[in-house]
Amino acid sequence: MKRFKMLVALFSLLITHQAVGQTIEPVALTEDDQAEIRSVVRQQMFAIDQNNAEMAFAFASPGVQETFETSERFLFMVRRGYSALYKPRHVEFLGLTVVNGETVQPVRLVAQDGDVEVAMYQMQRQEDNQWRINGCDLAKSDLTSL
């Protein structure tokens, strides 16, 4: 039943994206790409949990790095605006998708306060073929816990 609720929440989130004119496509990435994307997200989440600003910043795309200029500013923004990413009680990677041509890795999080949110990590392949995080949007879930 919990899995069904999670799928309904994710479907609702995807419908919201479609409602604002976005198209959602199935993902055609290699297994290596998928594993690297999950690894990048996990490593950045670990760095955030450890308050390691430099490490967390290293997994951000060049555009994100340019926007925040320093790792300390980046970590401050994450801690202030994305509290669900800081020491979540539970993390669950959901299926990759493509929204308007951009690869998105959804991650369901149970925050310290028990709120359930879905983090939508926008991933960007760099010229050296490495994946970096190009942004993250949080959406509340109707679930109250796992």
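- Listed by chain and number, the residues in a salt bridge (charged side-chain N to carboxylate O under 4.0 Å, His left out) with Glu36 amount to none (sequence neighbours excluded).
- Listed by chain and residue number, nothing satisfies the side chain to side chain donor-acceptor pair (under 3.5 Å) test with Ser71 (two or more places apart in sequence, or in another chain).
- At least one side-chain heavy atom of Ile133 sits under 4.5 Å from a side-chain heavy atom of Val40.
- The backbone N or O of Ser61 sits nowhere less than 3.5 Å from a side-chain atom of Gln126 that would complete a donor-acceptor pair.
- In plain terms, the two heavy atoms of Ala84 and Glu117 that are nearest each other are CB-OE2, 3.7 Å.
- Screening residues 54-69 for salt bridge (charged side-chain N to carboxylate O under 4.0 Å, His left out) gives Glu69-Arg73 as the qualifying pairs, with residues at least two apart or on separate chains.
- With sequence neighbours excluded, the residues that form a side chain to side chain donor-acceptor pair (under 3.5 Å) with Arg79 are Asn51.
- Taking every heavy atom of both residues into account, Arg38 and Leu94 meet most closely at NH2-O, 3.6 Å.
- Nearest heavy-atom pair, Met120 versus Val118, reported as atom, atom and distance to 0.1 Å: SD-CG1, 3.6 Å.
- The distance from the CG atom of Asp113 to the CZ atom of Arg89 is 7.5 Å, given to the nearest 0.5 Å.
- By the side chain to side chain donor-acceptor pair (under 3.5 Å) test, Gln43 is found to be paired with Ser39, residues two or more places apart in sequence or in another chain being considered.
- Here the side chains of Thr103 and Trp131 are in contact, with some heavy-atom distance below 4.5 Å.
- Under the 4.5 Å side-chain criterion, counting only non-hydrogen atoms from C-beta, Val116 is not in contact with His90.
- Summarising the geometry of Gly81 relative to Leu138, their closest heavy-atom pair is O-CD1, 4.5 Å, with the distance given to 0.1 Å.
- A donor-acceptor pair under 3.5 Å is absent between the side-chain atoms of Gln124 and the main chain of Gln122, judged by distance alone.
- At least one donor-acceptor pair under 3.5 Å links the side chain of Gln112 to the backbone N or O of Lys87.
- Proximity of a side-chain donor or acceptor of Glu72 to a complementary backbone N or O of Ala53 within less than 3.5 Å is not detected.
- Rounding to the nearest 0.5 Å places CD of Gln44 at 10.0 Å from CZ of Arg132.
- Nearest heavy atom pair, residue Ile37 against residue Leu29, reads CD1-CD1, 3.8 Å.
- Between Leu109 and Met45, some side-chain heavy-atom pair lies under the 4.5 Å cut-off.
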Going through the checks in order, is the side chain to side chain contact (heavy atoms under 4.5 Å, CB included) test met by Phe59 and Ile48?
CA-CA 11 Å; Phe59 294 106; Ile48 291 166; over 6 Å; no
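- Within the structure, the ring-ring contact (aromatic ring centres under 6.0 Å, His included) test picks out the following pairs touching residues 65-88 (sequence neighbours left out): Phe57-Phe74, Phe68-Phe74.
- In terms of heavy-atom proximity, Pro106 sits nearest to Val104 at CD-O, 3.3 Å.
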